[in-house]
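Below is one structure, written out as C-alpha coordinates, with a few remarks after it.
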2 protein chains.
Amino acid sequence: MKIGELAVRTGVSIRSLRYYDEQGLLTPIRRENGYREYSPFAEEQVRTIQLYLNLGLTTEQIASFLHCVLTIKEAFCKEVFPVYRQKLAEIEAQILQLQNIKMNLEERMQSILDERKTSGPED
Amino acid sequence: MKIGELAVRTGVSIRSLRYYDEQGLLTPIRRENGYREYSPFAEEQVRTIQLYLNLGLTTEQIASFLHCVLTIKEAFCKEVFPVYRQKLAEIEAQILQLQNIKMNLEERMQSILDERKTSGPED
DNA sequence: CTATACCCTGACATTAATGTGAGGGTCAAG
DNA sequence: CTTGACCCTCACATTAATGTCAGGGTATAG
(Lines give C-alpha, C1' and ligand atoms only; values in the text may rest on other atoms or scores of the structure.)
Protein backbone atom coordinates (compact mmCIF):
# COMPACT_ATOMS: atom_id res chain seq x y z
CA MET A 1 0.00 0.00 0.00
CA LYS A 2 1.05 3.62 -0.46
CA ILE A 3 1.99 5.93 2.37
CA GLY A 4 -1.32 7.77 2.40
CA GLU A 5 -3.28 4.60 2.96
CA LEU A 6 -0.99 3.48 5.76
CA ALA A 7 -1.35 6.90 7.36
CA VAL A 8 -5.13 6.64 7.31
CA ARG A 9 -5.12 3.06 8.60
CA THR A 10 -2.82 3.83 11.51
CA GLY A 11 -3.70 7.42 12.29
CA VAL A 12 -0.03 8.32 12.03
CA SER A 13 0.83 11.30 9.83
CA ILE A 14 2.55 10.88 6.49
CA ARG A 15 5.30 13.08 7.86
CA SER A 16 5.91 10.68 10.73
CA LEU A 17 5.93 7.64 8.47
CA ARG A 18 8.58 9.30 6.32
CA TYR A 19 10.51 10.07 9.49
CA TYR A 20 10.35 6.43 10.60
CA ASP A 21 11.72 5.52 7.20
CA GLU A 22 14.50 8.06 7.58
CA GLN A 23 15.36 6.70 11.02
CA GLY A 24 15.44 3.15 9.78
CA LEU A 25 12.42 2.08 11.84
CA LEU A 26 10.20 1.14 8.93
CA THR A 27 11.77 1.04 5.49
CA PRO A 28 9.33 0.33 2.67
CA ILE A 29 10.41 -0.84 -0.74
CA ARG A 30 10.22 1.68 -3.56
CA ARG A 31 8.17 1.46 -6.70
CA GLU A 32 9.77 2.37 -9.97
CA ASN A 33 8.31 5.84 -9.69
CA GLY A 34 9.93 6.39 -6.31
CA TYR A 35 6.75 5.92 -4.26
CA ARG A 36 7.07 4.09 -0.97
CA GLU A 37 5.32 0.70 -1.08
CA TYR A 38 4.38 -0.71 2.33
CA SER A 39 3.60 -4.36 2.99
CA PRO A 40 0.40 -5.25 4.85
CA PHE A 41 2.53 -6.01 7.91
CA ALA A 42 3.55 -2.37 8.06
CA GLU A 43 0.32 -1.50 9.80
CA GLU A 44 1.14 -3.65 12.78
CA GLN A 45 4.72 -2.44 12.74
CA VAL A 46 3.57 1.16 12.97
CA ARG A 47 1.42 0.29 15.96
CA THR A 48 4.41 -1.36 17.57
CA ILE A 49 6.52 1.73 16.97
CA GLN A 50 3.80 3.91 18.45
CA LEU A 51 3.64 1.67 21.48
CA TYR A 52 7.32 2.17 22.18
CA LEU A 53 7.20 5.89 21.45
CA ASN A 54 4.40 6.15 24.00
CA LEU A 55 6.75 4.60 26.54
CA GLY A 56 8.99 7.61 25.95
CA LEU A 57 11.65 5.69 24.05
CA THR A 58 13.55 7.48 21.30
CA THR A 59 13.54 6.31 17.71
CA GLU A 60 17.18 5.37 18.19
CA GLN A 61 16.37 3.12 21.14
CA ILE A 62 13.45 1.59 19.30
CA ALA A 63 15.61 0.98 16.27
CA SER A 64 18.08 -0.92 18.44
CA PHE A 65 15.62 -3.71 19.12
CA LEU A 66 12.66 -3.27 16.77
CA HIS A 67 13.86 -5.81 14.27
CA CYS A 68 14.23 -8.36 17.04
CA VAL A 69 10.83 -7.82 18.63
CA LEU A 70 9.17 -7.99 15.23
CA THR A 71 10.86 -11.32 14.68
CA ILE A 72 10.67 -13.11 18.02
CA LYS A 73 9.00 -12.49 21.37
CA GLU A 74 10.01 -9.28 23.14
CA ALA A 75 11.02 -11.24 26.22
CA PHE A 76 13.82 -12.90 24.32
CA CYS A 77 15.28 -9.79 22.74
CA LYS A 78 18.14 -9.10 25.11
CA GLU A 79 18.42 -5.42 24.07
CA VAL A 80 14.96 -4.61 25.39
CA PHE A 81 15.35 -5.06 29.13
CA PRO A 82 18.32 -2.70 29.58
CA VAL A 83 16.49 -0.01 27.63
CA TYR A 84 13.44 -0.45 29.84
CA ARG A 85 15.58 -0.38 32.96
CA GLN A 86 17.30 2.83 31.91
CA LYS A 87 14.04 4.47 30.93
CA LEU A 88 12.48 3.47 34.22
CA ALA A 89 15.37 5.10 36.09
CA GLU A 90 14.94 8.30 34.10
CA ILE A 91 11.21 8.33 34.71
CA GLU A 92 11.66 7.83 38.42
CA ALA A 93 14.18 10.66 38.60
CA GLN A 94 11.83 12.93 36.72
CA ILE A 95 8.93 12.04 38.98
CA LEU A 96 11.02 12.84 42.04
CA GLN A 97 12.03 16.20 40.65
CA LEU A 98 8.47 17.07 39.73
CA GLN A 99 7.27 16.02 43.17
CA ASN A 100 9.86 18.32 44.71
CA ILE A 101 8.68 21.22 42.62
CA LYS A 102 5.10 20.33 43.41
CA MET A 103 5.71 20.41 47.15
CA ASN A 104 7.59 23.64 46.78
CA LEU A 105 4.74 25.21 44.82
CA GLU A 106 2.13 23.99 47.28
CA GLU A 107 4.06 25.41 50.20
CA ARG A 108 4.47 28.76 48.52
CA MET A 109 0.79 28.88 47.59
CA GLN A 110 -0.16 28.06 51.15
CA SER A 111 2.15 30.77 52.43
CA ILE A 112 0.48 33.28 50.18
CA LEU A 113 -2.95 32.26 51.43
CA ASP A 114 -1.77 32.40 55.03
CA GLU A 115 -0.20 35.81 54.67
CA ARG A 116 -3.26 37.21 53.00
CA LYS A 117 -5.47 35.81 55.73
CA THR A 118 -3.21 37.19 58.46
CA SER A 119 -3.30 40.61 56.92
CA GLY A 120 -7.01 40.27 56.29
CA PRO A 121 -9.27 42.22 53.96
CA GLU A 122 -8.41 45.86 54.23
CA ASP A 123 -11.94 47.19 54.20
CA MET B 1 29.67 45.89 39.36
CA LYS B 2 30.46 44.42 35.94
CA ILE B 3 28.84 41.31 34.55
CA GLY B 4 31.81 39.05 35.26
CA GLU B 5 31.79 39.86 38.94
CA LEU B 6 28.04 39.28 39.19
CA ALA B 7 28.49 35.95 37.43
CA VAL B 8 31.12 34.87 39.94
CA ARG B 9 29.09 36.07 42.92
CA THR B 10 25.93 34.27 41.84
CA GLY B 11 27.32 31.26 40.02
CA VAL B 12 25.18 32.17 37.02
CA SER B 13 26.94 32.29 33.67
CA ILE B 14 27.62 35.54 31.88
CA ARG B 15 25.59 34.17 29.00
CA SER B 16 22.57 33.73 31.25
CA LEU B 17 22.89 37.20 32.74
CA ARG B 18 22.89 38.68 29.26
CA TYR B 19 19.83 36.56 28.50
CA TYR B 20 18.03 37.87 31.58
CA ASP B 21 18.84 41.36 30.34
CA GLU B 22 17.50 40.52 26.91
CA GLN B 23 14.29 39.11 28.42
CA GLY B 24 13.79 42.16 30.58
CA LEU B 25 14.31 40.25 33.84
CA LEU B 26 17.35 42.18 35.00
CA THR B 27 18.31 45.27 33.07
CA PRO B 28 21.53 46.91 34.21
CA ILE B 29 22.46 50.48 33.33
CA ARG B 30 25.18 50.96 30.77
CA ARG B 31 28.52 52.66 31.22
CA GLU B 32 29.72 55.07 28.59
CA ASN B 33 31.76 52.29 27.02
CA GLY B 34 28.71 50.05 26.70
CA TYR B 35 29.55 47.74 29.60
CA ARG B 36 26.64 46.55 31.75
CA GLU B 37 26.82 48.07 35.24
CA TYR B 38 24.91 46.10 37.88
CA SER B 39 23.79 47.53 41.20
CA PRO B 40 24.61 45.64 44.39
CA PHE B 41 20.97 44.60 44.58
CA ALA B 42 21.40 42.66 41.35
CA GLU B 43 22.94 39.77 43.24
CA GLU B 44 19.76 39.16 45.20
CA GLN B 45 17.66 39.68 42.12
CA VAL B 46 19.58 36.99 40.28
CA ARG B 47 18.97 34.60 43.16
CA THR B 48 15.29 35.44 43.01
CA ILE B 49 15.23 34.75 39.29
CA GLN B 50 16.99 31.44 39.84
CA LEU B 51 14.47 30.51 42.50
CA TYR B 52 11.59 30.96 40.08
CA LEU B 53 13.41 29.23 37.24
CA ASN B 54 13.92 26.28 39.56
CA LEU B 55 10.16 26.14 40.01
CA GLY B 56 9.99 25.56 36.29
CA LEU B 57 8.59 28.98 35.44
CA THR B 58 9.54 30.55 32.13
CA THR B 59 11.34 33.86 31.90
CA GLU B 60 8.15 35.31 30.48
CA GLN B 61 6.13 34.23 33.50
CA ILE B 62 8.82 35.48 35.85
CA ALA B 63 8.93 38.78 34.03
CA SER B 64 5.19 39.17 34.54
CA PHE B 65 5.58 39.53 38.29
CA LEU B 66 9.26 39.96 39.07
CA HIS B 67 9.10 43.72 39.42
CA CYS B 68 6.25 43.35 41.88
CA VAL B 69 7.86 40.69 44.07
CA LEU B 70 11.07 42.70 44.18
CA THR B 71 9.07 45.67 45.38
CA ILE B 72 6.53 44.25 47.83
CA LYS B 73 5.87 40.89 49.43
CA GLU B 74 5.17 38.03 47.03
CA ALA B 75 1.87 37.29 48.74
CA PHE B 76 0.50 40.63 47.64
CA CYS B 77 1.49 40.41 44.01
CA LYS B 78 -1.74 39.23 42.48
CA GLU B 79 -0.05 37.91 39.33
CA VAL B 80 1.87 35.28 41.28
CA PHE B 81 -0.87 32.97 42.51
CA PRO B 82 -2.43 32.25 39.10
CA VAL B 83 0.98 31.42 37.69
CA TYR B 84 1.64 29.04 40.58
CA ARG B 85 -1.78 27.46 40.15
CA GLN B 86 -1.24 26.89 36.45
CA LYS B 87 2.23 25.52 36.98
CA LEU B 88 0.96 23.18 39.67
CA ALA B 89 -1.67 21.85 37.29
CA GLU B 90 0.95 21.23 34.63
CA ILE B 91 3.23 19.48 37.08
CA GLU B 92 0.44 17.24 38.34
CA ALA B 93 -0.49 16.28 34.79
CA GLN B 94 3.13 15.47 34.01
CA ILE B 95 3.47 13.38 37.16
CA LEU B 96 0.37 11.40 36.23
CA GLN B 97 1.66 10.74 32.76
CA LEU B 98 5.04 9.67 34.05
CA GLN B 99 3.42 7.39 36.60
CA ASN B 100 1.40 5.79 33.81
CA ILE B 101 4.52 5.16 31.80
CA LYS B 102 6.27 3.90 34.91
CA MET B 103 3.56 1.35 35.62
CA ASN B 104 3.55 0.31 32.01
CA LEU B 105 7.33 -0.18 32.04
CA GLU B 106 7.24 -2.13 35.29
CA GLU B 107 4.55 -4.43 33.97
CA ARG B 108 6.43 -5.07 30.77
CA MET B 109 9.65 -5.74 32.64
CA GLN B 110 7.84 -8.16 34.92
CA SER B 111 6.34 -9.92 31.92
CA ILE B 112 9.75 -10.35 30.43
CA LEU B 113 11.08 -11.84 33.68
CA ASP B 114 8.07 -14.14 33.95
CA GLU B 115 8.33 -15.36 30.39
CA ARG B 116 12.01 -16.02 30.74
CA LYS B 117 11.42 -17.92 33.94
CA THR B 118 8.60 -19.96 32.41
CA SER B 119 10.75 -20.91 29.49
CA GLY B 120 13.69 -21.52 31.76
CA PRO B 121 17.36 -21.85 30.88
CA GLU B 122 17.68 -23.95 27.77
CA ASP B 123 20.64 -26.02 28.88
C1' DC C 1 53.33 49.85 23.02
C1' DT C 2 51.68 45.43 24.17
C1' DA C 3 49.87 41.71 26.45
C1' DT C 4 46.07 40.26 29.02
C1' DA C 5 41.80 40.19 30.87
C1' DC C 6 37.84 42.02 30.52
C1' DC C 7 33.53 43.52 27.76
C1' DC C 8 30.32 43.86 23.54
C1' DT C 9 26.96 41.95 19.70
C1' DG C 10 25.39 38.51 16.68
C1' DA C 11 24.66 34.03 15.37
C1' DC C 12 24.43 29.19 15.43
C1' DA C 13 23.88 24.70 18.20
C1' DT C 14 21.58 22.00 21.53
C1' DT C 15 16.70 17.90 21.82
C1' DA C 16 13.33 15.05 19.07
C1' DA C 17 9.38 14.25 16.76
C1' DT C 18 6.32 16.50 14.04
C1' DG C 19 4.14 20.43 11.20
C1' DT C 20 4.34 22.98 7.16
C1' DG C 21 5.45 24.81 2.75
C1' DA C 22 7.88 25.14 -1.69
C1' DG C 23 8.79 23.14 -5.93
C1' DG C 24 8.00 19.47 -8.61
C1' DG C 25 6.83 14.48 -10.44
C1' DT C 26 2.97 10.64 -11.29
C1' DC C 27 -1.21 8.91 -12.66
C1' DA C 28 -5.95 8.13 -13.62
C1' DA C 29 -10.41 10.11 -14.95
C1' DG C 30 -12.67 13.23 -17.78
C1' DC D 1 -4.59 17.70 -22.53
C1' DT D 2 -6.13 19.05 -18.11
C1' DT D 3 -7.49 18.54 -13.48
C1' DG D 4 -7.05 16.67 -9.05
C1' DA D 5 -5.31 13.60 -5.89
C1' DC D 6 -1.63 11.49 -4.87
C1' DC D 7 3.61 11.12 -4.21
C1' DC D 8 8.62 12.88 -3.82
C1' DT D 9 12.69 15.69 -1.53
C1' DC D 10 14.52 19.48 0.90
C1' DA D 11 14.40 22.59 4.37
C1' DC D 12 12.87 25.48 7.94
C1' DA D 13 10.03 25.98 12.36
C1' DT D 14 8.68 24.45 16.78
C1' DT D 15 10.57 25.00 22.84
C1' DA D 16 13.67 27.57 26.11
C1' DA D 17 17.62 28.40 28.44
C1' DT D 18 22.24 28.01 27.84
C1' DG D 19 26.90 26.98 25.50
C1' DT D 20 30.09 28.48 22.32
C1' DC D 21 32.48 30.86 18.76
C1' DA D 22 33.73 34.76 15.77
C1' DG D 23 35.01 39.33 15.36
C1' DG D 24 35.96 43.20 17.65
C1' DG D 25 36.26 47.11 21.42
C1' DT D 26 38.23 48.61 26.25
C1' DA D 27 41.21 49.14 29.95
C1' DT D 28 45.00 48.29 32.90
C1' DA D 29 49.61 46.61 34.11
C1' DG D 30 54.12 46.15 32.61
Rounding to the closest angstrom, what is the interatomic distance between D:dC10 and C:dA16 at atom P? 23 Å
Which word best sums up how the rings of B:Phe65 and B:Tyr84 line up, parallel for under 30°, tilted for 30 to 60°, or perpendicular for over 60°? perpendicular
Using a 3.5 Å cut-off on both pairing distances, which stems of three or more Watson-Crick or G-U pairs include DNA chain D? C:1-14 with D:17-30, C:17-30 with D:1-14
Ignoring hydrogens and angles, write down the donor-acceptor pairs under 3.5 Å from the side chains of residues 14-25 of chain A, residues two or more places apart or on other chains.
residue, atom, partner, partner atom, Å
A:Ser16, OG, A:Ser13, OG, 3.0
A:Tyr20, OH, A:Gln50, NE2, 2.7
A:Asp21, OD2, A:Arg36, NE, 2.8

For A:Arg18, report the nucleic acid contact type (base, sugar-phosphate, nothing); a contact means any heavy atom under 4.0 Å. base
Which nucleotide sits closest to the side chain of A:Ser13: C:dT9, D:dA17, C:dT18? C:dT18
Quick check for you: among D:dC12, D:dC7, D:dG19, whose closest atom lies nearest to any side-chain atom of A:Arg15? D:dC12
Provide the distance between the two P atoms, one in D:dG19 and one in C:dA17, to the nearest whole Å. 24 Å
If you check the A:Tyr35 side chain, which of D:dA17, C:dG25, C:dC7 turns out closest? C:dG25
Presence of A:Arg36 side-chain N/O under 4.0 Å of D:dC8 phosphate oxygens OP1/OP2: yes
Do any side-chain nitrogens or oxygens of A:Tyr20 fall under 4.0 Å of OP1 or OP2 in C:dA17? no
Between A:Asn33 and A:Tyr19, who's closer to the 5' end of DNA chain C by nearest nucleotide? A:Tyr19
